[in-house]
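Some notes on the structure that comes next.
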Amino acid sequence: MQGKKLSTAEKRSIRSSYFKYLVPTIIGMVAHCCYCLADVFFVGLSEGADGLAALNVALPIFTAYSTFSIMLGVGAATTISISIGEKNSGRVNQLFTLSVAGVTLIGACFSVFGTIFIGQVPYLLGATPLIAGSVSAYLWPINLFAFVYMLSSALSVIVRNDGNPKLVMIAGTAGNLTNILLDYVFVLIFKMGIFGAGLATIIGPFVTLSILSLHFILKQNHMWFCKKFFSLSLLWRMIKNGVGSGVLELSAGLIILMFNMALLRVSGENAVAVFAIISNIAYVGKGIFNGMAQAAQPVISYNYGAKRFRYVVQVNRYAMLTAGLFGVACYAVLALFPRPILSLFVGGDTVLLSIGVPAVMLYFLSFPFTGLNTILMYYFQSTEKAVHTIVIAVLRGVVLIAAALAILPWLFGLNGVWLSLAAAEAAVFAVFYPIRLYTDRRLLS
């Protein structure tokens with residue numbers, strides 16, 4: 001029965017379901033990622049290359065916070081969608097309560113320890129004495145309210161899965177537009193420097209969280225808090241279903257850390273300043289890829305729970321096609337116009353431009369593979385194949401990147417650093433795309 005081909009009407013219905021989540025999710029993700037570009041833009045104007053280097057050194061802290069919020073948020077959302085497909089409403093409420101409680105508790109711990117040890121954090125992130133003070137100034141307000149940042153991130157995933165992607169889009173857009181506006185006010189008008197950028201960054205999640213709460217205040221929710229929510233088996237299932245996204249998020253920070261260290265070793269702080277721009281542009285693109293994958297997740301998980309496997313396979317095909325085309329188009333634009341794009345952030349700085357133009361051309365060769373691998377990872381995660389998901393995330397974010405950064409700079413110097421991500425992503429795709437095809441055949445047999 002599963003081998004029967006989908007009708008045109010069924011394909012149209014699946015495509016409609018995917019795009020119902022895709023469009024608002026992408027808009028929300030773009031808005032979320034743009035605040036990083038705003039920080040880079042305004043800090044670059046105010047503080048120059050040293051400020052950009054400090055900002056890039058600080059960036060992995062967001063990864064640490066996002067790792068847990070995304071792990072629990074996506075893990076809960078995946079398990080909730082499967083449970084809805086299985087028509088198990090009691091488990092849905094347990095998962096919702098468990099995830100919110102878990103994120104809040106972990107976030108509170110980060111807030112306490114991140115504030116107490118604010119002086120040591122920059123050096124843990126690899127800061128030099130020249131920029132350590134700037135890193136601390138940026139992170140102080142962010143660390144203080146880490147729990148708000150984490151809760152807004154997790155609830156965005158859960159509310160989207162609860163059938164309200166438009167509210168998530170509005171909440172994320174409002175929060176990040178607030179951040180961009182306050183970046184301008186705090187950094188350029190009030191002359192608060194990099195501390196002002198950090199303060200603007202953490203005010204945004206307060207706005208996002210306030211708007212997301214309307215989902216529950218206006219009773220648009222289909223899941224509720226419950227008193228008896230703790231279950232070790234459910235917690236473990238939720239963690240397994242979200243750990244791939246958590247590892248992927250963590251690996252993004254590790255990639256930045258490893259690149260920073262390699263660039264300091266091979267070239268110097270100007271190369272790190274260039275990478276600050278590149279990594280933030282890449283963060284926007286990766287956010288869009290995550291949006292494409294997260295848009296497919298509730299549709300895939302629901303149909304997987306309902307045992308409609310032909311629908312599962314078809315949604316993944318749409319997501320793969322969308323991500324692949326977008327990745328190629330992005331690389332074409334970046335490769336054709338590297339100098340004008342970089343000039344938006346560094347003006348006419350000839351040193352940074354001379355490093356940055358070839359860096360853009362080489363680093364973003366990874367983009368098509370990054371998009372396809374993100375969809376692959378979420379596909380395995382959405383169908384509760386935790387081992388596949390974890391292996392993809394670890395290979396992409398740790399093992400292959402570390403190997404490439406050890407070998408390619410030795411062969412090609414600075415160009416080898418810029419090529420490392422593309423080499424790692426291409427290798428992962430070569431291994432796991434055939435596995436996906438095999439998985440599809442088994443589902444449909």
Side-chain angles (χ1 to χ4, degrees), residues 5-6 8 10-34 37 160 165 169 172 245 248 252 278-300 303 310-338 340-341 360-383 389 392-393 396 418-419 421-437 439-440:
K5 288 186 177 180
L6 291 167
T8 302
E10 286 176 313
K11 288 182 179 179
R12 191 181 301 117
S13 174
I14 296 168
R15 188 166 57 246
S16 176
S17 296
Y18 176 53
F19 279 94
K20 171 192 169 185
Y21 285 94
L22 178 65
V23 175
T25 301
I26 293 297
I27 293 172
M29 283 289 181
V30 170
H32 172 72
C33 296
C34 281
L37 292 182
R160 182 186 302 117
M169 174 191 72
S245 290
L248 183 64
I278 288 176
S279 61
N280 279 282
I281 294 172
Y283 187 71
V284 175
K286 289 173 184 176
I288 294 173
F289 290 135
N290 282 337
M292 293 173 180
Q294 289 181 19
Q297 178 269 311
V299 186
I300 290 175
N303 285 292
R310 289 177 295 143
Y311 286 54
V312 169
V313 171
Q314 191 64 37
V315 173
N316 181 250
R317 287 173 181 168
Y318 287 138
M320 292 282 287
L321 180 63
T322 304
L325 291 175
F326 178 77
V328 170
C330 281
Y331 179 72
V333 172
L334 290 162
L336 288 172
F337 307 106
I341 292 170
V360 168
M361 302 280 288
L362 297 174
Y363 184 88
F364 287 104
L365 280 169
S366 63
F367 245 36
F369 296 109
T370 297
L372 293 169
N373 287 336
T374 302
I375 301 298
L376 280 175
M377 196 205 77
Y378 266 84
Y379 174 61
F380 290 126
Q381 180 172 269
S382 299
T383 54
T389 304
I392 290 176
R396 292 176 66 193
W418 303 127
L419 280 169
L421 184 63
E425 294 281 17
V428 170
F429 182 75
V431 172
F432 279 91
Y433 183 66
I435 293 175
R436 193 221 89 174
L437 295 177
T439 302
D440 287 352

Could you check Gln297 against Ser382 for side chain to side chain donor-acceptor pair (under 3.5 Å), going step by step and ending with a plain yes or no?
-> CA-CA 6 Å; Gln297 178 269 311; Ser382 299; 4.9 Å; no
Take Arg310 and Asn303, measure what side-chain contact (heavy atoms from CB on, under 4.5 Å) needs, and give me the verdict at the end.
-> CA-CA 9 Å; Arg310 289 177 295 143; Asn303 285 292; over 6 Å; no
Report the C-alpha distance between Asn316 and Arg436 in whole Å, list the side-chain angles of each, state the deciding distance to 0.1 Å, and finish with yes or no for side chain to side chain donor-acceptor pair (under 3.5 Å).
-> CA-CA 10 Å; Asn316 181 250; Arg436 193 221 89 174; 3.1 Å; yes
So Phe364 and Ile278, side-chain contact (heavy atoms from CB on, under 4.5 Å) or not? Walk me through it.
-> CA-CA 9 Å; Phe364 287 104; Ile278 288 176; 3.8 Å; yes
Candidate pair Leu22 and Tyr318, rule side-chain contact (heavy atoms from CB on, under 4.5 Å), full reasoning = CA-CA 11 Å; Leu22 178 65; Tyr318 287 138; over 6 Å; no
Intermediate values then yes/no, side-chain contact (heavy atoms from CB on, under 4.5 Å), Met292 and Thr374 | CA-CA 9 Å; Met292 293 173 180; Thr374 302; over 6 Å; no
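Although no hydrogens or angles enter the test, the distance criterion places no donor-acceptor pair under 3.5 Å between the side chain of Tyr21 and the main chain of Gly291. In terms of modelled atom types and a separation under 3.5 Å, the side chain of Asp440 and the main chain of Val313 share no donor-acceptor contact. Of the possible donor and acceptor atoms, one in the side chain of Thr439 sits under 3.5 Å from a partner among the backbone N and O of Ile435. In this structure a side-chain-to-backbone donor-acceptor pair under 3.5 Å is present from Thr389 to Gln381.
Taken from CG in Leu421 to CG in Leu365, the straight-line distance is 10.0 Å, to the nearest 0.5 Å. Atom CZ of residue Phe429 and atom CD1 of residue Ile392 lie 11.0 Å apart, to the nearest 0.5 angstrom. Rounded to the nearest 0.5 angstrom, Ile14 CD1 and Tyr18 OH are separated by 13.0 Å. Distance OH/Tyr311 to OG/Ser17: 9.0 Å, rounded to 0.5 Å. One distance of note links OH of Tyr363 with CH2 of Trp418; it measures 8.5 Å at 0.5 Å rounding. Note that the CG atom of Asn373 and the CE atom of Met320 stand 8.0 Å from one another [nearest 0.5 Å].
The two residues Pro24 and Met169 have their closest heavy-atom pair at O-CB, 3.4 Å. Contact record, Ala323 with Leu372: CB-N, 4.4 Å, taken as the closest heavy-atom pair. Of all the heavy atoms in Thr383 and Val312, the pair that sits closest is CG2-CG1, 4.1 Å. Nearest heavy-atom pair across Gln294 and Tyr378 is NE2-OH, 3.2 Å. Contact record, Pro165 with Lys20: CG-O, 3.9 Å, taken as the closest heavy-atom pair. Residue Ala295 comes nearest to Pro298 through the heavy atom pair O-CD, 3.6 Å, listed as atom of the first residue, atom of the second, then distance.
At a threshold of 4.5 Å between non-hydrogen side-chain atoms, the residues Arg396 and Thr370 count as touching.
Ring centroid separation for the pair Phe367 and Phe289 comes in under the 6.0 Å cut-off.
A donor atom on one side chain and an acceptor atom on the other are not found under 3.5 Å apart for Glu425 and Ser366.
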